[in-house]
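Read through the structure below, which is laid out as structure tokens, and then see the notes.
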Amino acid sequence: MLRVTELRLPLDHDAGALRDAVAARLGIGADALLDHAVARRGYDARSRGRISLVYSVDVRVADAAATLRRCADDPHVGPVPDLAYRPPAPAPHVSAPRPVVIGAGPCGLLAALTLAEAGYRPIIIERGQPVRIRTRDTWAFWRRGVFDPASNVQYGEGGAGTFSDGKLYSGIKDPANRARRVLEAFVASGAPAEILVVSKPHIGTFRLVTIVESMRARITALGGEYRFGTQVTGIDLATLPDGRRALRALALSDGSVLPASHAVLAVGHSARDTFAMLHAAGVPMQAKPFSIGLRIEHPQTLIDRARFADAAGDPRLGAADYKLVQHGAHGRSVYSFCMCPGGTVVAATSERGRVVTNGMSQYSRAERNANAGIVVGITPADYPGGPLAGIDFQRRWEDAAFVAGGGTYAAPVQRVEDFLAARPSTALGAVIPSYRPGVRPTDLAACLPEFATAAIRAALPAFGRKLAGFDLADAVLTGVETRTSSPVSIARGHDGQCPEVRGLYPAGEGAGYAGGILSAGVDGIKAAEWVARAMQADAAVVAA
């Protein structure tokens with residue numbers, strides 16, 4: 001079969017237009033086009049008055065070789081690419097400690113699934129609760145302010161991505177087709193098949209819950225074992241003859257010790273106490289850049305109109321998203337982060353006495369507001385003090401947001417007009433904040449470093465010039481957004497292992513190697529492959 005890419009058709013094209021466009025691109029008659037199927041579909045809304053749908057199409061023709069010769073100069077015609085994922089070698093039949101996966105977020109789930117399908121029977125350690133119990137606990141916090149520091153947006157099966165927009169796209173390079181493997185695993189677990197086709201696939205929270213449960217069932221059916229409500233509190237290291245240290249066992253919060261020679265560290269970006277434990281144990285890590293800022297909410301209809309003009313509301317386009325960036329004279333970049341069309345701003349703290357925000361959407365993206373983080377890039381130069389200094393920096397502003405919100409987990413909010421004028425908000429306008437358990441109008445300048453406040457104030461009018469209405473007077477800003485990515489990076493070598501701790505495989509967002517559900521899943525698969533290769537090598541040594 002052949003693949004034809006970059007086929008552009010008007011938004012309102014009729015049913016036969018795609019077939020005609022394929023035949024015209026290939027220079028063949030309709031009778032020579034035997035079959036065709038959409039491989040990818042997206043849209044181009046850069047020209048608001050002429051929105052087009054953009055297709056990649058797999059086709060079967062009467063004479064593929066002749067068609068390829070005729071289209072040799074067309075970069076958008078070629079053979080269908082090989083998208084098959086090559087799994088790791090099956091588990092060796094030798095006695096050895098089972099591999100351990102620490103964390104059941106996207107990275108840990110895909111690592112565990114990959115290992116389980118290859119016969120390695122992984123043990124999954126998750127400090128939080130199964131996803132359905134965790135969902136109940138999280139909604140209790142949002143609705144009634146009942147906070148559980150062990151079961152919340154950050155901790156529990158599914159990871160932080162469970163309470164998000166469920167975006168499943170990334171800009172990472174992926175020659176091994178691991179991203180396709182992630183999508184296929186989601187579809188096999190109940191995700192809609194369209195995520196394999198649309199250019200910006202997403203799932204939403206409610207669907208992610210059942211998908212995560214289905215993946216767990218698959219892993220356990222293949223011999224995997226879950227231990228929920230269990231935290232890794234220490235690592236036991238042996239010293240090798242070459243002076244290098246190697247993982248020997250994990251100390252767990254229930255007082256037990258789990259023998260382990262290969263462990264995927266997939267703890268997520270908010271495992272602050274785990275980072276401290278690893279640092280104390282001598283695991284090499286360093287502070288890394290991340291971003292800090294606020295959430296902004298607009299009526300979704302405003303964003304739809306700004307992006308799609310008269311096509312706003314067309315079901316083929318869905319709720320409009322946006323991606324904005326401003327490089328200011330102050331030398332700091334301000335950009336939109338984790339944009340959630342038709343979603344809500346959610347309480348996302350993992351520690352008592354702190355306020356953290358994030359964004360979430362359901363699959364329908366049907367809520368009245370659009371929201372996104374408006375964040376400022378920062379570097380370790382902004383928070384000097386060692387590998388864990390970024391955590392202290394985050395906590396400082398989360399503490400300030402808790403105080404500004406009234407000390408009840410309500411979030412501090414401010415109208416954009418008031419924020420730009422540097423005056424506190426005393427009331428809100430037409431845009432109703434979606435954050436629960438509640439909000440308190442105030443001055444958000446108390447919740448961010450001065451440089452971040454100044455950068456966002458400079459960026460909002462510029463964003464308004466790029467996207468009409470973005471600096472709407474009644475748009476609502478909610479503080480604070482601090483968990484954009486991990487504040488630390490844990491060292492790993494070419495074999496996936498920590499250079500100074502053999503058998504420890506840092507992976508995913510928490511270790512600084514991913515950002516988002518898809519890239520975290522891809523990194524989890526890579527970690528599983530590294531573990532499998534190492535266990536194969538260990539088995540060969542034993543056999544010899």
Side-chain angles (χ1 to χ4, degrees), residues 145 147 270 272 290-297 326 328 330-338 345-359 371-379 381-385 389-429 431-461 463 471-484 487:
F147 176 64
S270 292
R272 293 167 167 176
F290 61 99
S291 299
I292 188 171
L294 308 166
R295 280 266 148 189
I296 191 166
E297 288 190 90
Q326 179 69 17
H330 44 73
R332 301 219 180 236
S333 294
V334 181
Y335 62 97
S336 60
F337 169 80
C338 186
V345 178
V346 300
T349 188
S350 57
E351 297 176 327
R352 294 191 188 278
R354 298 189 164 102
V355 165
V356 181
T357 66
N358 195 10
N371 76 81
I374 301 298
V375 297
V376 182
I378 57 176
T379 72
D382 295 308
Y383 48 90
I391 295 172
D392 295 335
F393 186 84
Q394 290 173 325
R395 283 172 169 160
R396 173 184 174 184
W397 302 111
E398 293 167 12
D399 290 345
F402 183 77
V403 172
T408 63
Y409 294 107
V413 297
Q414 193 171 12
R415 295 172 60 249
V416 162
E417 182 179 54
D418 294 333
F419 179 80
L420 293 175
R423 61 173 179 254
S425 286
T426 56
L428 298 174
V431 180
I432 301 172
S434 59
Y435 178 98
R436 297 292 180 268
V439 299
R440 182 187 186 194
T442 186
D443 185 356
L444 288 173
C447 304
L448 289 174
E450 184 177 354
F451 67 78
T453 301
I456 295 173
R457 281 184 178 143
L460 288 175
F463 290 162
D471 53 350
L472 176 75
D474 277 352
V476 174
L477 293 163
T478 305
V480 286
E481 178 96 17
T482 53
R483 312 285 182 92
T484 53

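Here the structure is a predicted model, which means the values were calculated and not measured.
- L460 and F419 get closest at one heavy-atom pair: CD1-CD2, 3.9 Å.
- Interatomic distance, Q394 CD to R272 CZ, rounded to the nearest 0.5 Å: 4.5 Å.
- Rounded to the nearest 0.5 Å, atoms CZ (R332) and CD1 (I378) are 7.5 Å apart.
- Heavy atoms only, all atoms of each residue included: C447 and A404 are closest at SG-CB, 3.6 Å.
- No side-chain heavy atom of V416 sits less than 4.5 Å from a side-chain heavy atom of L472.
- With sequence neighbours excluded, no residue forms a side chain to side chain donor-acceptor pair (under 3.5 Å) with T379.
- Contact annotation: the side chain of D399 approaches that of R354 to within less than 4.5 Å [non-hydrogen atoms, C-beta and beyond].
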Derivation of the side chain to side chain contact (heavy atoms under 4.5 Å, CB included) call for V334 and F463: CA-CA 10 Å; V334 181; F463 290 162; 4.2 Å; yes
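- For the pair R436 and Y409, the minimum side-chain heavy-atom distance is 4.5 Å or more.
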task: Might you work through the side chain to side chain contact (heavy atoms under 4.5 Å, CB included) test for S291 and Y335, ending with a clear yes or no?
output: CA-CA 9 Å; S291 299; Y335 62 97; 2.6 Å; yes
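- Contact check for P424 versus T442: no side-chain heavy atoms found under the 4.5 Å cut-off.
- To the nearest 0.5 Å, the span separating CG on L448 from OG1 on T482 amounts to 10.0 Å.
- Using modelled atom types, no side-chain atom of S425 and backbone atom of D418 make a donor-acceptor pair closer than 3.5 Å.
- Here the side chains of L420 and P461 are in contact, with some heavy-atom distance below 4.5 Å.
- The two residues A389 and P384 come nearest to each other via the heavy atoms CB-O, 3.9 Å.
- To the nearest 0.5 Å, atom CZ of residue R352 and atom CZ of residue F402 are 10.5 Å apart.
- Classification of the Y383-F393 ring pair by plane angle, with boundaries at 30° and 60°, yields tilted.
- Closest approach of G429 to R415, counting heavy atoms only: N-CD, 4.1 Å.
- Of all non-hydrogen atoms in P433 and L428, the two that sit nearest each other are CG-CD1, 3.3 Å.
- Side chain of Q414 to backbone of R423: a donor-acceptor contact under 3.5 angstrom is found.
- In this structure, the side chains of T357 and Y435 come closer than 4.5 Å at one or more pairs of heavy atoms.
- For the atom pair SG (C338) and CZ (R483), the distance works out to 14.0 Å, reported to the nearest 0.5 Å.
- At least one donor-acceptor pair under 3.5 Å links the side chain of S434 to the backbone N or O of V345.
- Using a 4.5 Å heavy-atom cutoff, the side chains of L444 and T453 are not in contact.
- Nearest heavy atom pair, residue A410 against residue V439, reads CB-N, 4.1 Å.
- A donor-acceptor pair under 3.5 Å is absent between the side-chain atoms of E481 and the main chain of V375, judged by distance alone.
- Looking at F337 and R295, their side chains come closer than 4.5 Å, going by heavy atoms from C-beta outward.
- With rounding to the nearest 0.5 Å, the separation of CG in N358 from CG in N371 is 8.5 Å.
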query: Can you check side chain to side chain contact (heavy atoms under 4.5 Å, CB included) on I374 and S336, steps first, answer last?
result: CA-CA 5 Å; I374 301 298; S336 60; 4.2 Å; yes
